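Have a look at the structure below, then the notes.
Along the sequence shown, residues carry numbers from 1. Given the structure is predicted, the values throughout are model-derived calculations rather than measurements. Each ligand, and each atom within it, is numbered from 1 in the order the structure gives.
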Amino acid sequence: MTNRLKDKVALIVGSARGIGKGIALRFAEEGAKLVLADNEVEAGQATAVELGVPFIRTDISRMSDAEAAVTTALKHHGRLDIIVQNAGIYPWQLIENTTSDDWDSVMAVNLRGTFNAARAALVPMKAQHFGRMLFTSSITGPHVTSPGHGHYSASKAGINGFIRAAALEFSGYGITVNGVEPGNILTEAIELHRGAAYIKNMEDSIPLGRLGSPRDVANAFLFLASDDASYITGTTIVVDGGQLLPEGNDFRLLPP
Ligand SMILES: NC(=O)c1ccc[n+]([C@@H]2O[C@H](COP(=O)([O-])OP(=O)(O)OC[C@H]3O[C@@H](n4cnc5c(N)ncnc54)[C@H](O)[C@@H]3O)[C@@H](O)[C@H]2O)c1
């Protein structure tokens, strides 16, 4: 622990489990004052109790919930330095089987949730002339994709566009806006929904030979939230174990 976020107030949306919980644990280690938000009450409260921090039930697709989460952070700590909007859903569904409602439900959380978080956090961050807005994007969408990720890919590519636009608009307010693009990260959700065969296949396609951990992703968020990143805005960091690098499947074959 090096106190890189000492006394910084951070609201982490989508922090009940998985990557978001990893970010919360990492930020807590570095001295941040946390407020956790998630739409899953039981898991969210359990994580908050583990860390001894406040929790607010938040459906980030609703602007009123985003505003209430920001208000909770202000009520507890008097300011808001960092917001991480990590909540995201990734149903696996071919485009030909996707209805308009399916499409809208992914966009509502992943993309509108991103806008809602930024819009709600903007008010105190602009007033205090300081803020770090951070978003969980993905390599899926901005760089690569696979069958069944049409709506998800569109939402994550959209997040990157929003990061650039918000970074530019908020640059005069002392607010930086950045994101992290995880590759394949081993979370409870991935284990549950994708299974062992998927995970083995992914391990084989990742040059560093393993899936990432929530802590791997959290370390990139920590850097972007810290003073070390004060001159960085409008960009994303890829955390993928080199998965984007190979030109083909035979990347472990070396010349004689
Ligand atoms: N796991 C991966 O390999 C991977 C890779 C790239 C990007 N991501 C992104 O990372 C983020 C976290 O993924 P994860 O694998 O930890 O998933 P997860 O399902 O374990 O965690 C997502 C969290 O967001 C919460 N959430 C969902 N909908 C919400 C809503 N409407 N309002 C508030 N909270 C909500 C969930 O309750 C959960 O706690 C997502 O944005 C996902 O798209 C994950």
Side-chain angles (χ1 to χ4, degrees), residues 11-26 35-48 55-69 72 83-92 104-117 120 134-146 149 151-160 162-163 179-195 198-199 201-203 205-206 210-218 220-221 236-241 243-244:
L11 170 62
I12 307 179
V13 184
S15 47
R17 53 186 159 84
I19 291 172
K21 181 176 178 181
I23 297 166
L25 292 168
R26 193 73 189 91
V35 173
L36 305 189
D38 202 287
N39 69 342
E40 282 189 18
V41 177
E42 209 176 311
Q45 270 170 346
T47 300
F55 169 78
I56 176 167
R57 189 209 167 270
T58 303
D59 176 354
I60 199 61
S61 68
R62 299 162 62 97
M63 180 61 92
S64 56
D65 280 22
E67 288 169 345
T72 299
I83 185 165
V84 179
Q85 184 347 53
N86 168 76
I89 55 174
Y90 37 91
W92 196 19
D104 287 349
S105 69
V106 171
M107 294 301 155
V109 180
N110 297 6
L111 203 44
R112 189 166 72 227
T114 293
F115 162 72
N116 287 348
L134 299 171
F135 301 101
T136 306
S137 178
S138 178
I139 60 168
T140 306
H143 303 282
V144 292
T145 193
S146 54
H149 286 135
H151 37 25
Y152 182 76
S153 299
S155 72
K156 293 295 181 176
I159 288 173
N160 284 16
F162 179 77
I163 284 171
V180 175
E181 296 178 25
N184 277 270
I185 308 304
L186 195 53
T187 60
E188 306 94 303
I190 292 289
E191 280 181 289
L192 189 70
H193 298 304
R194 297 289 193 264
Y198 175 90
I199 291 170
N201 184 39
M202 277 303 161
E203 281 169 353
S205 71
I206 298 170
R210 65 170 177 90
L211 275 72
S213 67
R215 192 176 176 89
D216 290 323
V217 180
F221 274 107
T236 50
I237 297 178
V238 172
V239 179
D240 73 341
Q243 194 178 346
L244 291 179

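- Among protein heavy atoms, atom 22 (C) of ligand 1 sits closest to G88 O, 4.1 Å.
- The single protein non-hydrogen atom nearest to atom 9 (C) of ligand 1 is T136 CG2, 3.5 Å, given as residue, atom name and distance.
- Nearest protein heavy-atom contact of atom 39 (O) of ligand 1 is D38 OD2, 2.6 Å.
- Of all protein heavy atoms, the one lying nearest to atom 26 (N) of ligand 1 is N39 OD1, 3.4 Å.
- The protein heavy-atom contact nearest to atom 21 (O) of ligand 1 is R17 NH1, 3.9 Å.
- Closest to atom 33 (C) of ligand 1, if we only count protein heavy atoms, is T58 O, 3.0 Å.
- Under 4.0 Å from ligand 1, not a single heavy atom of N110 appears.
- Taking CD1 of I19 as the reference point, atom CG of D216 lies at 10.0 Å (rounded to 0.5 Å).
- Backbone and side-chain nitrogen or oxygen atoms of T187 are examined, and one is located within less than 3.5 angstrom of a nitrogen or oxygen of ligand 1.
- No more than 12 heavy atoms of other residues, nucleotides or ligands sit less than 6.0 Å from atom CZ of R62.
- Checked against a 3.5 angstrom limit, the closest N/O atoms of D59 and ligand 1 fall inside it.
- When the heavy-atom distances from atom 7 (C) of ligand 1 to Y90, Y152, F135 are ranked, the shortest goes to Y152.
- Of all the heavy atoms of I185, the ones lying under 4.0 Å from any atom of ligand 1 are found in both the backbone and the side chain.
- Numbered from 1 in the order shown, with element, the atoms of ligand 1 that lie under 4.0 Å from a heavy atom of E40 read 37 (O).
- The aromatic rings of H149 and W92 lie parallel to each other, with less than 30° between the two planes, well short of the 60° mark.
- Scanning all protein heavy atoms for the shortest distance to atom 32 (N) of ligand 1 gives I60 N, 3.0 Å.
- The atoms of ligand 1 that sit less than 4.0 Å from any heavy atom of N184 are 3 (O).
- In S137, the part holding a heavy atom less than 4.0 Å from any atom of ligand 1 is the backbone.
- Judged by distance alone, with hydrogens and angles left aside, the side-chain atoms of K156 form a donor-acceptor pair with the main-chain N or O of T136 at under 3.5 Å.
- The heavy atom nearest to atom 41 (O) of ligand 1, considering only N86, V217, D240, is found in N86.
- For the pair N86 (side chain) and G14 (backbone), a donor-acceptor distance under 3.5 Å is present.
- For atom 5 (C) of ligand 1, the candidate residues are P214, G183, S138; the nearest heavy-atom contact is made by G183.
- A donor-acceptor pair under 3.5 Å is absent between the side-chain atoms of E40 and the main chain of E42, judged by distance alone.
- Two residues are said to be in side-chain contact when any heavy atoms from C-beta on lie closer than 4.5 Å; I185 and P214 meet this criterion.
- Within the 4.0 Å heavy-atom criterion, both parts of I19, backbone and side chain, lie near ligand 1.
- Taken to the nearest 0.5 Å, the CD1 atom of I190 stands 5.5 Å off from the OH atom of Y198.
- Using a 4.0 Å cut-off between heavy atoms, K156 contacts ligand 1 through its side chain alone, with no backbone atom that close.
- Between D104 atom CG and L111 atom CG the span is 11.0 Å, to the nearest 0.5 Å.
- Although no hydrogens or angles enter the test, the distance criterion places a donor-acceptor pair under 3.5 Å between the side chain of D38 and the main chain of A16.
- Between I60 and D65, every side-chain heavy-atom pair lies at or beyond the 4.5 Å cut-off.
- Listed by number with element, the atoms of ligand 1 under 4.0 Å from a non-hydrogen atom of A189 are 19 (O), 20 (O).
- Scanning both residues, Y90 and A189, for their nearest heavy atoms gives OH-CB, 3.3 Å.
- The side chain to side chain donor-acceptor pair (under 3.5 Å) contacts involving residues 105-116 comprise N110-S155, where partners must be two or more places apart or lie in separate chains.
- Every atom of ligand 1 with a heavy atom of G18 under 4.0 Å away is listed here by number and element: 16 (O), 20 (O).
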